Amino acid sequence: MNTHVGSDIAAVREAAERLATAAASGVPAAPVRDLIGPDDVEPAYAVQRIGILSRLESGARIVGRKIGLTSPAVQRQLGVDQPDFGVLFNDMNVTETPAAHRPRLLQPRIEAELGFVLRADLDTDQLDAIAVRGAIDYAVAALEIVDSRIADWDISFADTVADNASSGWFVPGAQHITLDRFEPRDVAMTMSIDGEIVSTGTGSACLGDPLRALTWLARTARDFGDPLRAGEIVLSGALGPMAPLRAGAHVRSELFSRATTLGTVDFVLEDI
């Protein structure tokens with residue numbers, strides 16, 4: 001199936017409504033690829049945009065972006081050759097929003113990431129690695145609670161893009177890590193749940209370098225007409241495998257450079 005936005009606006013709107021209904025009801029929906037195709041980029045982001053506009057109209061604010069599908073293993077699993085991205089809203093930030101006011105979780109999983117906070121806009125024609133690195137204020141250890149409005153996580157590339165890159169909540173660490181202290185591609189990560197290590201990884205697992213992922217997003221967001229802005233946080237992609245998440249679980253992620261702890265971040269999932 002090769003659905004195009006221009007020729008099937010109704011399908012895009014129906015897909016957006018299906019996802020919105022799942023989010024509101026807490027009941028996961030059937031995949032939307034039957035409406036927009038399994039791997040067509042344009043209609044998938046059109047569906048995502050409808051969801052973003054609806055959230056903005058309800059009073060949510062955009063505070064950053066997230067990059068997904070940065071792992072080659074996940075790309076092979078879904079049969080894609082590119083990452084995707086979604087939007088982070090203020091009410092998704094666990095450290096600032098009480099659980100009762102965050103978006104509903106349906107099928108949460110968790111992964112550890114490196115987050116970048118920007119000190120400058122990334123909206124120029126020349127967005128190379130040097131420019132992007134210079135726009136970073138600091139990095140943080142971060143946890144992302146990923147979620148899917150699609151039943152049983154039965155997703156294609158288009159499904160996850162349409163579903164705001166399977167976003168849920170995020171937890172930024174408190175320690176600000178400047179780039180003169182480490183190279184993002186060399187960072188090591190451990191993630192534990194209730195004291196048991198469930199995921200390990202390195203910066204090189206994220207498109208070879210989290211800065212490469214950030215550069216990709218900066219260029220893509222600029223080309224979409226919605227460039228990254230100063231003050232935003234960007235979750236650059238998982239550094240290791242995601243893990244299932246149950247109520248009451250205590251999750252901790254630690255980032256290391258040359259055996260020195262750079263930052264930690266903790267999260268306990270309340271009842272959902």
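Given the structure is predicted, the values throughout are model-derived calculations rather than measurements. Below, each value reflects all heavy atoms present in this structure, side chains not excepted, and no hydrogens, waters or symmetry copies. Quick note: residue numbers are just sequence positions, from 1.
- At least one donor-acceptor pair closer than 3.5 Å links the side chain of Thr97 to the backbone N or O of Asn90.
- A distance-only check finds a donor-acceptor pair linking the side chain of Asn93 to the backbone of Thr95 [under 3.5 Å].
- The pair Asp125-Arg219 does not count as a salt bridge, with every side-chain nitrogen at least 4.0 angstrom from each carboxylate oxygen.
- Arg252 contributes no side-chain N or O that, together with a main-chain N or O of Met191, makes up a donor-acceptor pair within less than 3.5 Å.
- Not one N or O on the side chain of Arg149 forms a donor-acceptor pair closer than 3.5 Å with the backbone of Leu19.
- The backbone N or O of Val117 lies less than 3.5 Å from no partner atom in the side chain of Glu232, so there is not a single donor-acceptor pair.
- Here the side chain of Thr21 pairs a donor or acceptor atom with the backbone of Glu17 at under 3.5 angstrom.
- One finds no salt bridge joining Asp84 and Lys66 here, because no Lys/Arg side-chain nitrogen approaches an Asp/Glu carboxylate oxygen to under 4.0 Å.
- Proximity of Arg222 to Leu122: side-chain heavy atoms (C-beta onward) are nowhere separated by under 4.5 Å.
- Without hydrogens or angle criteria, Thr261 side chain to Gly263 main chain gives no donor-acceptor distance under 3.5 Å.
- Residue pairs meeting the ring-ring contact (aromatic ring centres under 6.0 Å, His included) criterion with at least one partner in residues 16-64, sequence neighbours excluded, are Tyr45-Phe85, Tyr45-Phe224.
- In this structure, a donor-acceptor pair under 3.5 Å is absent between the side chains of Asp163 and Thr160.
- For residues 51-64, the pairs satisfying salt bridge (Lys or Arg N to Asp or Glu O under 4.0 Å) are Arg55-Asp91, with sequence neighbours left out.
- For the pair Phe170 and Ile145, the minimum side-chain heavy-atom distance is 4.5 Å or more.
- Between the side chains of Asp223 and Thr220, no donor-acceptor pair is found at a separation under 3.5 Å.
- Applying the side-chain hydrogen bond (donor to acceptor under 3.5 Å, both in side chains) test to Gln126 and every residue at least two apart in sequence or in another chain returns Asp128.
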